[in-house]
Amino acid sequence: MIEKPPRTESGYRNYQPDVISRLSFIRQAKSLGFSLMEIKELLSLKFSPETNCGDVRSRAEIKILDIEHKIDSLQRMKLALVKLVTACPGSGPVSECPILEAMETKKLG
């Protein structure tokens, strides 16, 4: 997504302002949950003269749906774990642990 500038004699890289701006864009997009592939697509949209705001909005709406699916999945995992922890007395032999038994017999959720 960016080209590495050559190193100076002291070993540092001097990034041009446009590269710094692109790095900032990448960091912000990652913080919103976009993958590197999705960020690459967003960057190509940004620099394409045929692109309009609706194209970018569409990508953002798709990401929102993706995040909502992940949240649903995490909530189901949490609920299953809460049930398992509630069923476990917290004492006794590990051979009778309801958490391990449920994982072994696939009685989750």
Residue pair [X] / [Y]: nearest heavy atoms and the distance that separates them:
X: Ala87; Y: Pro98; value: O-CG, 3.4 Å
X: Thr8; Y: Asn14; value: CG2-ND2, 3.2 Å
X: Ile26; Y: Leu43; value: CG1-CD1, 4.3 Å
X: Glu38; Y: Phe34; value: OE1-CA, 3.3 Å
X: Ile99; Y: Leu84; value: CG1-O, 3.5 Å

Between atom [atom1] of [X] and atom [atom2] of [Y], what is the distance when rounded to the nearest 0.5 Å?
X: Leu74; Y: Ile67; atom1: CG; atom2: CD1; answer: 11.5 Å
X: Glu96; Y: Ser91; atom1: CD; atom2: OG; answer: 10.0 Å
X: Ile71; Y: Arg76; atom1: CD1; atom2: CZ; answer: 12.0 Å
X: Ser35; Y: Lys40; atom1: OG; atom2: NZ; answer: 11.5 Å

Backbone of [Y] reached by a side-chain donor or acceptor of [X] within 3.5 Å:
X: Asp66; Y: His69; value: no
X: Thr105; Y: Glu101; value: yes
X: Ser73; Y: Lys70; value: no
X: Lys63; Y: Gly33; value: yes
X: Thr86; Y: Val82; value: yes
X: Ser31; Y: Gln28; value: yes

If Ile, Leu, Val, Met, Phe, Trp and Tyr residues are connected whenever their side-chain heavy atoms lie under 4.5 Å apart, and connections chain through other members, are [X] and [Y] in the same group?
X: Leu32; Y: Leu36; answer: yes
X: Met103; Y: Val85; answer: yes
X: Val56; Y: Ile62; answer: no

Heavy atoms from other residues, nucleotides or ligands near CZ of Phe47 exceed 12 (cutoff 6.0 Å):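 Correct, the count exceeds 12.
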Looking at Arg57, I want to see if its CZ is surrounded by more than 12 non-hydrogen atoms of other residues, nucleotides or ligands under 6.0 Å.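 No - once you tally the heavy atoms of other residues, nucleotides and ligands closer than 6.0 Å, there are 12 at most.
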